[in-house]
Amino acid sequence: MEASKSFQYSKRVPPTLPTVGSAFSKGTEHMLSLAYGFPAPETFPTDLLRDAMEKAIIKDGERSLQYTGATGKTRLAEWIVNRSRLRKINVQDQQVLVTNGSMQAIDLAVRTLTNEGDHIWLEAPTFFGAVRIFQTARVHMKTFPVDEEGLNVDRVEQALQLVISAGEPLPKMIYVMPNYHNPTGVSLSISRRKHLAELAYRYNFFILEDDAYVDLNFSNIQQPAIYHFAPERTIYLSTFSKIVAPGVRLGWAIADQEVIDQMTSLKPDGTTNVFVQEVVANFFEQVHFQQHLDKIVMLYRQRCQVMMKAIDQCFGTEVSYYIPKGGFFIWLTFLNPINTTYLQTLCLEKGVAILSSESFYFENQEYNHVRLCYTYSNTEQIKRAINTMAMIYHQHKHKWLLLKDVE
C-alpha cells in the first residue's frame, strides 16, 4: 500500500524538558540510587574521548571549531546508517538528522507532525519526558496498556475502529518504545511490530519509535525495527547517551526525506554541535565498538542479575516483574495494595532513591509499581538498596492504604 505523505506541522516554542540531575538534589554522596536512568560512569570511555578531542583540535581545529564544522557530521551520519542496518533499516545519509539528544528529536517530530489539539496515542506506563513534550505541545493523549509482549496493539486497533465509527479524530502519531521499554523493560514482539505497522498504513498515522536502549541487548538477538515494516510511516529515534556518554548530548532521527527536511527546518539551533560530532566520529573510528559495547552489556547484565536475586530473596512472592533482556530497568509490581509514592518517600528518608509508578502515568494512575534502575549503582549498593526497601515495605505492609493523594 502506498503511504500518504500529507501532513501538517506547526511552529511552536520548544518545551522546557525535565532535568534528570534533580533526582539527586535531596541526596548526598551516600545516597543509594535506583531512581533515574543513569549509565554506569565506569563505562564512559574517557581516555578515548580525550584522544578524539585532541585529534579534532590538532588535525582539523580551524574547521571543526567553525559554525559549519569539519567532516565529523558526515562521518557520524555514515556510522548511524551502517549501524541501523542491524535493525533492517536501510536509508541514505540524508535521512539522518543528528539532534541534541533524543529528547530534541521527539520534540521536533511532534512539532512537525501535529498541531495543537491533535491526538497522540502512547503506552501506559511510558517515559515521562515524552509526556512532558506532548503536554507542552497541547495535544490530546490516550494511553494503551503494556504487557509482556509490549504495547497491546489489538487494543489500539479496537480503539481505531471505534473512533472511525464515531466520527472522531484519528491519532496523528503513536509513541512507542519497542526495545527494553522504559519503565517496564519489555520488548514489543515481532508480530505486534508488524501489526502496528499495518495499522499505520491503514489509518494514516505516524509511529514515533523511540529506541534509546536497543544496543543494550543481553541476548545479542537483533530484532527488526518497526521502521523496517513501515518506513514511510515511522520516525525512528535513538541516542549516543547509553553507548558513549549522556554528556555528549547527541541523538538522532531517521525518517522519510520529506519528514526529515521539515524536522530540520524547525530545528532552532541549526546544525547540532559540530565539534562534539567531530569528537564522537573520531571516537568511533578509533574504538573497537563491539568490544566497547560488550563490556557495557556484560556489566549491566551482571547488575541486573544481582538485583533480581536480591528482589527474590527480600520480597519473595509478594512482588512480580518482567525479566529484562536488556536496557536499564526492572518494573517491580507489588501484589498487595500499596502506595509506592509513600514508599518512595520513606526510602528516601533512609538514603535510598527509587521512582514510584506515579511518574509514568498521566491518566488511569497505578500506584503499586516502582521503577528500579540497575545500571548506575554497583552490585553491593544494589543489594543494600533492595534490602533497605524491603525492610521498609515489610515494616509498613500491614498499614498500607492505596490512596491517590499522599500528604
Side-chain angles (χ1 to χ4, degrees), residues 20-21 23-24 27-46 127 148 177 179-187 211-221 239-247 289-316 319-334 340 343-344 347-348 350-357 359-360 369-393:
V20 294
F24 300 97
T28 69
E29 69 245 18
H30 305 296
M31 177 68 67
L32 300 173
S33 179
L34 307 180
Y36 279 84
F38 282 35
E42 57 266 46
T43 67
F44 299 160
T46 51
F127 173 44
E148 65 276 5
M177 290 170 282
N179 292 300
Y180 324 124
H181 175 267
N182 178 8
T184 66
V186 301
S187 293
D211 214 5
Y213 303 94
V214 62
D215 281 304
L216 305 180
N217 180 347
F218 296 165
S219 67
N220 203 32
I221 298 173
T239 178
F240 291 109
S241 294
K242 314 301 187 290
I243 58 176
V244 181
F289 179 67
Q290 194 56 51
Q291 290 181 1
H292 165 73
L293 185 61
D294 287 345
K295 291 178 182 178
I296 298 174
V297 170
M298 182 172 63
L299 177 65
Y300 291 170
R301 184 192 295 113
Q302 177 192 23
R303 291 183 176 181
C304 178
Q305 291 170 344
V306 167
M307 179 175 283
M308 289 190 294
K309 184 177 180 180
I311 289 170
D312 293 343
Q313 290 175 341
C314 293
F315 289 99
V319 298
S320 67
Y321 56 89
Y322 302 119
I323 297 175
K325 296 181 180 179
F328 271 30
F329 307 114
I330 288 177
W331 184 243
L332 193 66
T333 299
F334 291 86
T340 56
L343 177 64
Q344 174 181 296
C347 286
L348 196 61
K350 296 295 184 180
V352 174
I354 61 175
L355 207 55
S356 74
S357 52
S359 302
F360 302 95
H369 316 275
V370 292
R371 192 193 73 176
L372 305 174
C373 176
Y374 48 76
T375 58
Y376 178 74
S377 297
N378 64 40
T379 55
E380 289 305 310
Q381 291 170 331
I382 289 171
K383 288 187 280 189
R384 285 165 49 205
I386 297 297
N387 184 68
T388 300
M389 182 175 68
M391 178 187 67
I392 294 169
Y393 167 75

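All of these numbers come straight from a predicted model, not from anything done at the bench.
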Minimum heavy-atom separation for Ser357 to Trp331, with atom names? CB-CH2, 3.5 Å

Please round to the nearest 0.5 Å and tell me the distance separating atom CG of Leu372 and atom CE of Met308. 12.0 Å

Which atom pair, heavy atoms only, marks the closest approach of Thr388 to Lys350? CG2-CB, 3.9 Å

Rounded to the nearest 0.5 Å, what's the gap from CD1 on Ile311 to CG on Leu332? Could you check? 5.0 Å

When you measure from the side chain of Thr43 to the backbone N and O of Ile296, does any donor-acceptor pair fall under 3.5 Å? no

Check against side-chain contact (heavy atoms from CB on, under 4.5 Å), Asn387 and Gln313: CA-CA 9 Å; Asn387 184 68; Gln313 290 175 341; over 6 Å; no

Does some side-chain heavy atom of Ser219 sit less than 4.5 Å from a side-chain heavy atom of Asn217? yes

Which of parallel (below 30°), tilted (30 to 60°) and perpendicular (above 60°) describes Tyr393 and Phe315? tilted

Where does the angle between the aromatic ring planes of Phe218 and Tyr374 fall among parallel (under 30°), tilted (30 to 60°) and perpendicular (over 60°)? tilted

On a heavy-atom basis, which atom in Ala40 and which in Thr375 lie closest, and how many Å separate them? CB-O, 3.3 Å

Any ion pair linking Arg303 and Glu380 (charged N to carboxylate O, less than 4.0 Å)? no

Look only at the side chain of Arg371 and the backbone of Ser356, and say whether a donor-acceptor pair between them is shorter than 3.5 Å. no

Is any side-chain heavy atom of Ile354 closer than 4.5 Å to one of Met389? yes

So if I apply the side-chain hydrogen bond (donor to acceptor under 3.5 Å, both in side chains) rule between Tyr321 and each of Asp312, Thr333, Thr184, which one comes out positive? Asp312

Cationic tip of Lys242 above Tyr213 ring, under 6.0 Å, 45° of axis: yes

Can you measure from SG (Cys304) to CD1 (Ile323) and round to the nearest 0.5 angstrom? 8.5 Å

Compare every heavy atom of Ser377 with every heavy atom of Ile382, then report the nearest pair and how far apart it is. CD1-O, 3.6 Å

In this structure, CG of Leu34 is separated from SG of Cys373 (nearest 0.5 Å) by 7.5 Å

Please evaluate residues Ser33 and Phe38 with respect to the criterion side-chain contact (heavy atoms from CB on, under 4.5 Å), reporting the C-alpha separation (whole Å), side-chain torsions for both, the decisive distance (0.1 Å), and the verdict. CA-CA 9 Å; Ser33 179; Phe38 282 35; over 6 Å; no

Least distance between heavy atoms, Val297 atom then Asp215 atom: CG2-O, 3.8 Å

From Thr379 atom OG1 to Leu299 atom CG, the distance as rounded to the nearest 0.5 Å: 9.0 Å

Looking at Leu32, is its backbone amide N or carbonyl O close enough to the side chain of Gln381 to form a donor-acceptor pair, meaning the two atoms are under 3.5 Å apart? no

Whether Phe289 and His292 hold their rings parallel, tilted or perpendicular, with breakpoints at 30° and 60°: tilted

Under the side-chain contact (heavy atoms from CB on, under 4.5 Å) rule, what do Met177 and Asp211 come out as? Steps first, then yes or no, please. CA-CA 6 Å; Met177 290 170 282; Asp211 214 5; over 6 Å; no

Distance in Å, Cys314 SG paired with Ile386 CD1, rounded so as to fall on 0.5 Å steps: 7.0 Å

With a 4.5 Å heavy-atom cut-off, do Phe44 and Pro246 have their side chains touching? yes

N/O donor-acceptor pair under 3.5 Å between Thr340 side chain and His369 backbone: yes

Decide if the gap between the ring center of Phe328 and the ring center of Tyr300 is smaller than 6.0 angstrom. yes

Are Met307 and Ile330 close enough that some pair of their side-chain heavy atoms sits under 4.5 Å apart? yes

Distance-minimising heavy-atom pair for Pro39 and Tyr376: O-CD1, 3.6 Å

